[in-house]
Amino acid sequence: MEDIDYWRLTEELTIVQAALLVAGEDPANLADEVERQAGDLRPPKYEAVKHAIMQALLKERISGELVPELDYDQNGNPTGGIPGTVDVHRSLVNIDSLRALLERRGFRSGFFFPEKAGQPEYLNPEHPHYAPKLAAAVRAWLANQNDEDLRGKHPKQALLKWLRENAATYGWTDDDGNPMESTIEGIAKIANWQQKGGAPKTPGQEAGEDATTETTPENDESDIPC
């Protein structure tokens, strides 16, 4: 395994890190200095990829955390964010969301697609029979197979969370950018492997035992429709 492969362990990346990885470069070597380099010295593809990710994040086509560049007063003190700008070192992008965007744009090779050789055709956006809802259900299911991450949650809670976070990449948002809940709910039902509602099961916990998870508006699924 090469050093660059260890970047697969993270779930979020800065825009600079993500752009370098899409361009085939190891961020460990370049992330801190690439923005200080002259344009003709930057890695090929980097600038185009960075611009694409910035625009996708601004238009909420991918999920993440948008952090604007800071403005400063005459004494050098920060006075707040500059509207419409993106701090490429502090803004974060969700990896699953970025991968889905790349797939939709026809990119299915490179760092974010190590499993390409074994990828089934139903996940291929360019396949003539590609079904986005089926692909999203499979992606959501695959992204929630870590029992530790599910501890205290009903699987459907985790599936809904993933689908909402990635709704924009599949085009399932309304004019205000909010996830289309009816679509999200329908896909979660398909991917949900625990069809019974009620108290969530946690690893090592028998069915019927009380879960110790704190109830929040997001995970309050006491009446989960399956």
Undergrad: Under the 3.5 angstrom rule, does the side chain of R42 hit a backbone N or O of V34 as a donor-acceptor pair?
TA: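 Yes.
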
Undergrad: With a 6.0 Å cut-off (strictly less than), is the heavy-atom count around OH of Y6, excluding the residue itself, greater than 12?
TA: no

Undergrad: Anything under 30° is parallel, anything over 60° is perpendicular, the rest tilted; go ahead and classify W141 against W193.
TA: perpendicular

Undergrad: Give a yes or no on whether R8 atom CZ has more than 12 heavy-atom contacts from other residues, nucleotides or ligands under 6.0 Å away.
TA: yes

Undergrad: Once you round to the nearest 0.5 Å, how far does CZ of F113 lie from CZ of F107?
TA: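 It comes to 9.5 Å.
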
Undergrad: For W7, does its backbone N or O pair with a side-chain atom of T10 as donor and acceptor, under 3.5 Å?
TA: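 Not confirmed, T10 side chain does not pair with W7 backbone.
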
Undergrad: With the side chain counted from C-beta on, respond yes when H154 and Q194 share a heavy-atom pair under 4.5 Å apart, and no when they do not.
TA: yes

Undergrad: Any idea which heavy atoms bring A19 and V49 closest together, and the distance?
TA: CA-CG1, 3.7 Å

Undergrad: Is a side-chain N or O of D73 found less than 3.5 angstrom from the main chain of N77, in a donor-acceptor match?
TA: yes

Undergrad: Quick one: do L142 and L159 end up in the same hydrophobic cluster if we chain Ile, Leu, Val, Met, Phe, Trp and Tyr together by side-chain heavy atoms under 4.5 Å apart?
TA: yes

Undergrad: With no hydrogens and no angle check, do the side chains of D96 and W162 hold a donor and an acceptor under 3.5 Å apart?
TA: yes

Undergrad: Could you check if a side-chain atom of E181 sits within less than 4.5 angstrom of a side-chain atom of R164, using non-hydrogen atoms only?
TA: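 Side-chain contact under 4.5 Å: yes.
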
Undergrad: If you round to the nearest 0.5 Å, how far is NZ of K45 from CD of E25?
TA: 8.5 Å

Undergrad: Output the distance between atom CD1 (I95) and atom CD (E11), rounded to the nearest 0.5 Å.
TA: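 I95 atom CD1 to E11 atom CD measures 9.0 Å (nearest 0.5 Å).
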
Undergrad: Under a plain distance cut-off of 3.5 Å, with no hydrogens placed, do E35 and Y46 share a side-chain donor-acceptor pair?
TA: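 On atom types as modelled, these side chains qualify, holding a pair under 3.5 Å.
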
Undergrad: For a side-chain contact (heavy atoms from CB on, under 4.5 Å) with L13, tell me which candidate from N94, L21, L92 qualifies.
TA: L21

Undergrad: Group every Ile, Leu, Val, Met, Phe, Trp and Tyr by side-chain heavy-atom contacts under 4.5 Å, then state whether L58 and I53 land in the same group.
TA: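 Yes; I53 is reachable from L58 via cluster members.
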
Undergrad: If every non-hydrogen atom of L101 is compared with every non-hydrogen atom of A56, which pair is closest and at what distance?
TA: CD2-CB, 3.7 Å

Undergrad: Spell out, yes or no, whether I190 and W172 are grouped together once hydrophobic residues are joined by side-chain heavy atoms under 4.5 Å, including indirect joins.
TA: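 Shared cluster, no.
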
Undergrad: So, for A167 and I184, which heavy atoms are closest and what is the spacing to 0.1 Å?
TA: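 Closest approach of A167 to I184: CB-CD1, 4.1 Å.
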
Undergrad: Taking atom CG of D175 as the centre, report whether more than 12 heavy atoms of other residues, nucleotides or ligands fall under 6.0 Å from it.
TA: no

Undergrad: Within this structure, what is the CD-CZ distance for the pair Q55 and R61, rounded to the nearest 0.5 Å?
TA: 8.5 Å

Undergrad: Salt-bridge test for E69 and R90: reply yes if a basic N is under 4.0 Å from a carboxylate O, no otherwise.
TA: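 No, no charged N to carboxylate O under 4.0 Å.
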
Undergrad: Taking the side chain as every heavy atom from C-beta outward, state whether V88 and M54 have any atom pair closer than 4.5 Å.
TA: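 Yes; the side chains approach each other to less than 4.5 Å.
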
Undergrad: Any idea which heavy atoms bring A18 and V93 closest together, and the distance?
TA: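 For A18 and V93, the tightest heavy-atom pair comes out as CB-CG2, 3.9 Å.
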
Undergrad: Let me know which of V16, T14, I15 forms a side-chain contact (heavy atoms from CB on, under 4.5 Å) with H89.
TA: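 Of V16, T14, I15, side-chain contact (heavy atoms from CB on, under 4.5 Å) with H89 is met by V16 alone.
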
Undergrad: Please check if the side chain of N166 supplies one atom and the backbone of L163 the other of a donor-acceptor pair under 3.5 Å.
TA: no

Undergrad: Regarding K161 and E165, does a basic nitrogen lie under 4.0 Å from an acidic carboxylate oxygen?
TA: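 Salt bridge: yes.
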
Undergrad: Which pair of heavy atoms, one from S63 and one from S97, lies closest together, and at what distance?
TA: N-OG, 2.8 Å

Undergrad: Are any non-hydrogen side-chain atoms of L30 and P43 less than 4.5 angstrom apart?
TA: yes

Undergrad: Does a sphere of radius 6.0 Å around CG in D32 hold more than 12 heavy atoms from other residues, nucleotides or ligands, not counting ones at 6.0 Å or beyond?
TA: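 Incorrect, the count does not exceed 12.
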
Undergrad: Just how far is it from atom CD of E60 to atom CG of N178, taken to the nearest 0.5 Å?
TA: 8.5 Å

Undergrad: Does L70 belong to the same Ile/Leu/Val/Met/Phe/Trp/Tyr cluster as L66, with side-chain heavy atoms less than 4.5 Å apart forming each link?
TA: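 No.
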
Undergrad: Evaluate the side-chain proximity of D26 to E2: yes if any heavy-atom separation is below 4.5 Å, no if none is.
TA: no

Undergrad: Apply side-chain hydrogen bond (donor to acceptor under 3.5 Å, both in side chains) to Q37 and list each qualifying residue two or more places apart in sequence or on a separate chain.
TA: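 Counting only residues at least two positions away or on another chain, Q37 forms a side-chain hydrogen bond (donor to acceptor under 3.5 Å, both in side chains) with E33.
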
Undergrad: Hydrophobic clustering (ILVMFWY, side-chain heavy atoms < 4.5 Å, transitive) - are Y72 and I82 grouped together?
TA: no

Undergrad: For the atom pair CG (L160) and CG (N144), what is the distance rounded to the nearest 0.5 Å?
TA: 10.0 Å

Undergrad: Identify the two heavy atoms, one from P68 and one from G81, that lie closest to each other, and give their separation to 0.1 Å.
TA: CG-CA, 3.8 Å

Undergrad: State whether the side chain of S91 and the backbone N or O of V67 hold a donor-acceptor pair below 3.5 Å, judged by distance alone.
TA: yes

Undergrad: Show the numbers, then the answer: is there a side-chain contact (heavy atoms from CB on, under 4.5 Å) between Y170 and R139?
TA: CA-CA 12 Å; Y170 289 94; R139 291 290 189 198; 3.7 Å; yes

Undergrad: Assess R99 against F111: is NZ or CZ under 6.0 Å from the centre of the six-membered ring, and within 45 degrees of the ring's axis?
TA: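 No, cation not above the ring by the 6.0 Å, 45° rule.
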
